[in-house]
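To start, the structure under review is shown below, and the notes come after it.
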Amino acid sequence: MRLSQYFLPVLRDVPKEAEIVSHRLMLRAGMVRQQASGLYSWLPLGYKVLMKVQKIIEEEQNRSGAIQLLMPTIQSADLWRESGRYDAYGKEMLRIEDRHERDFLYGPTNEEMITDIFRTYVKSYKDLPLNLYHIQWKFRDEIRPRFGTMRSREFLMKDAYSFDLDKDSAVKAYQRMFVAYLRTYARMGLTAIPMRADTGPIGGDLSHEFIVLADTGESEVFCHKDLLEKPIPAPGTDFRGDLSPIIDDWTSLYAATEEMVNTAEFEAEVPAEKRVSARGIEVGHIFYFGTKYSEPMKATVTGPDGKEITVHMGSYGIGPTRLVPAIIEAFHDDDGIIWPVSVAPFEAVLINLKAGDADCTAACDALYGELNAAGIDMLYDDRDQGAGGKFATADLIGIPYQLILGPRGIKSGEVEIKHRQSGERETLPIGDAVARITGLIEPQRRTDI
RNA sequence: CGGAGUGUAGCUCAGCCUGGUAGAGCACUGGUUUUGGGAACCAGGGGUCCAAAGUUCGAAUCUUUGUACUCCGACCA
């Protein structure tokens, strides 16, 4: 993408409404624009990151055996009356009336609707287990939206729903999501720790929150230090096999949020030097809730003995529009964002230092073409501007690698590569640049970790 | 929903106390010189001063009522 033809409204000043670093950087880097309290437009750069995050989520959900579909944002109140949540959910649910004065709502979650779909089509135990998910906008009328897209009212959520014959197999479904989540965060470069969690209004008796440690996080968390270093389940993990050893390994060490923490237990189970007490961002939440919805909504299948069985369910949420700021909270410095390659809006940026110079521009154009052809997701700063501004923009928007080429380099036949994360610079023959960049980026795409 | 604060150019803000007809920096447009870490100069465009009502000869400025947004607390992917 040529920057001269892109839409990248970067800001030099910090908009005053932004309090935390990720929000500031998302506004400055031209990723989002606030349209009203808790409502955001995703501008091209931000949207590109959001789509990369979404794609990773989809790949890992699919790998685990979940199946994608898409449900509407607007739901009929009838389903919610059936589950009993129409009244229970309270003011956080945005209620809408259509022209015929029928009650609708903008979905804050989809347990009711997916249960309705399930009960309509699935009749036999032979069709289980089943895990259906979608990635769709949700609306929760938060009392106080804040921190940009970290806590917005409209937000994107991947929500998966599992259906099983009994608790044992439902727990296996839960375990599959547990592993899929670990892998999802790892592919984005994040260390997310599963913690015992409160189940809230969704209900149920088995639940984990996945927490990324960050000073700006909204919850206080307590865990064993070794969890930060634990290896992630491999891509070849057999999701149809027994995942218990992995889950046991992860859950054997103490980890709990402030709602669930028991200080005496924490201190008894974790030696003082291994205690981590910190703030964290909740980037995912998984629940097993048994027949809480299947029972009132009559989601049943016929068992092998001809008897009706009420299915056991779980639900599993990840918010891509929260993950983006969470990643920024984890990866930034004073100059801007430092994207991990796997979610970077562009993998590398080529900076033409003297766009007014014909020779320099010809050399940059040629190199840009080669990098594109090599499959690198490239941004090309071909604007006719001072070098300082270009460096500042490249640093701000956090592209992992900067290829810097100007008249000086043309003369010596060399290009400079700056690593955004380490600040390290290397100079190499222009002809070697494509191979070098490919070699740097390829392993960091994390498609197979 | 309680408490606090802010709405003036695309962005950051000054002007308000003490009423007299709209400002700065950055950004933007044209031009000249520039070009290895946010360049310089010249010329220019851009504002229902959040809204309504009131006070006044006169309101960005004073009063009232709305409204939007932000921050602090209790709820949440």
Side-chain angles (χ1 to χ4, degrees), chain A residues 9-20 23-24 27-28 30 33-39 57 89-93 107-110 135-160 181 192 197-202 207-212 217-219 257 259 281-287 315-326 335-336 351-357 360-361 383-396 402 404-412 414-416 418 423 425 427:
Chain A
V10 300
L11 305 177
R12 204 159 163 175
D13 296 308
V14 183
K16 62 178 169 197
E17 75 264 21
E19 194 67 11
I20 62 169
H23 190 195
R24 280 202 297 271
L27 290 167
R28 285 195 58 212
R33 166 168 172 78
Q34 179 171 344
Q35 303 292 164
S37 177
L39 300 175
I57 294 171
Y89 218 95
K91 296 197 72 135
E92 211 166 283
M93 187 155 75
T109 177
N110 282 60
I135 298 178
Q136 177 63 290
W137 293 92
K138 306 290 189 291
F139 192 95
R140 294 184 189 173
D141 201 355
E142 298 280 348
I143 296 168
R144 185 149 94 83
R146 63 185 120 172
F147 304 148
T149 68
M150 187 86 81
R151 172 167 302 289
S152 48
R153 293 194 293 173
E154 187 182 51
F155 61 98
L156 198 55
M157 182 163 81
K158 184 288 301 180
D159 38 330
Y181 275 36
D198 193 15
T199 53
I202 296 185
S207 175
H208 283 87
E209 282 179 14
F210 288 78
I211 303 277
V212 173
E218 289 189 89
S219 19
T257 61
E259 296 87 21
I281 301 167
E282 180 186 349
V283 291
H285 202 158
I286 61 178
F287 303 86
S315 75
Y316 315 90
I318 291 186
T321 46
R322 174 178 286 184
L323 269 170
V324 173
D335 295 325
I351 298 176
N352 179 351
L353 284 178
K354 196 165 182 179
D357 180 280
C360 187
T361 297
R383 298 170 304 168
D384 189 6
Q385 285 185 3
K390 296 187 175 195
F391 292 136
T393 298
D395 287 344
L396 172 64
Q402 301 172 11
I404 301 164
L405 189 51
R408 220 158 73 190
I410 304 292
K411 199 174 287 177
S412 61
E414 288 177 321
V415 60
E416 183 180 331
K418 176 181 167 185
R425 293 161 188 275
T427 302

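The analysis underlying the following values was restricted to heavy atoms, covering all of them including side chains, and did not include hydrogens, waters or symmetry mates. Order of the sequence lines fixes the chain letters, A, B, ..., with proteins taken first and strands second; residue numbering starts at 1 for each chain.
When distances are taken from the side chain of A/Arg140 to each of B/G36, B/A77, B/U70, the shortest belongs to B/A77. If you check B/G36, B/G38, B/A77 against the side chain of A/Ala392, the one that comes closest is B/G38.
Between A/Gln402 and B/G37 there is no side-chain polar atom (N or O) within less than 4.0 angstrom of OP1 or OP2. Contact between the side-chain N/O atoms of A/Arg144 and the OP1/OP2 oxygens of B/C1 is not found at any separation under 4.0 Å. Between A/Thr321 and B/A77 there is no side-chain N or O to OP1 or OP2 distance below 4.0 Å.
The base of B/G73 has none of its N or O atoms less than 3.5 Å from a complementary donor or acceptor on the side chain of A/Arg146.
Within 4.0 Å (heavy atoms only), A/Arg28 reaches at least one base atom of the nucleic acid. Within 4.0 Å (heavy atoms only), A/Thr257 reaches no atom of the nucleic acid at all. Within 4.0 Å of A/Ala36, counting heavy atoms only, lie sugar-phosphate atoms of the nucleic acid but no base atom. Residue contacts shown for A/Lys91 are absent, as no nucleic acid heavy atom lies under 4.0 Å away. Across all strands, A/Gly388 comes closer than 4.0 Å only to sugar-phosphate atoms, never to a base (heavy-atom distances). Residue A/Asp384 is classed as a base contact, given a heavy-atom separation below 4.0 Å to a base. Residue contacts for A/Leu353: at a heavy-atom cut-off of 4.0 Å it reaches a base atom on one of the strands shown. Nucleic acid contact class of A/Ile318 (heavy atoms, under 4.0 Å, all strands): none. Residue-level contact check: A/Arg425 touches the bases, meaning some heavy atom is under 4.0 Å from a base atom. Residue contacts shown for A/Gly409 include a base, since a base heavy atom lies under 4.0 Å away. Using a 4.0 Å heavy-atom cutoff across all strands shown, A/Glu416 reaches at least one base atom of the nucleic acid. Residue A/Asp357 is classed as having no contact, given no heavy-atom separation below 4.0 Å to the nucleic acid.
Here the P atom of nucleotide B/G38 and the CG atom of A/Asp395 are 12 Å apart, to the nearest Å. Between A/Ile20 atom CD1 and B/U70 atom C1' the separation is 14 Å, expressed in whole Å. At whole-Å resolution of the value, CD1 in A/Ile143 and C1' in B/C71 are 16 Å apart. Put simply, CD on A/Glu92 is 7 Å from C1' on B/C75, counting in whole angstrom units. B/G73 atom C1' lies 15 Å from atom CD of A/Glu142, rounded to whole Å. Between the CZ atom of A/Phe391 and the C1' atom of B/U35 there is a distance of 11 Å, given to the nearest Å. Taking atom CD1 on A/Ile404 and atom C1' on B/G38, their separation rounds to 15 Å, with Å as the unit. The nearest whole Å value for the distance from the CD atom in A/Gln34 to the P atom in B/U6 is 19 Å.
Across the interface with RNA chain B, nearest-nucleotide mapping of A/Gly319 and A/Val10 shows A/Val10 to be the residue nearer the 5′ end.
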Could you go through nucleotides 23-28 of chain B and list every protein N or O atom that sits under 3.5 Å from one of its N or O atoms, giving the distance for each pair?
residue, atom, partner, partner atom, Å
B/G25, N2, A/Asp13, OD2, 3.3

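Closest approach of A/Leu156 to A/Thr321, counting heavy atoms only: N-OG1, 3.0 Å.
The C1' atoms of B/U8 and B/C13 are separated by 9 Å, rounded to the nearest whole Å.
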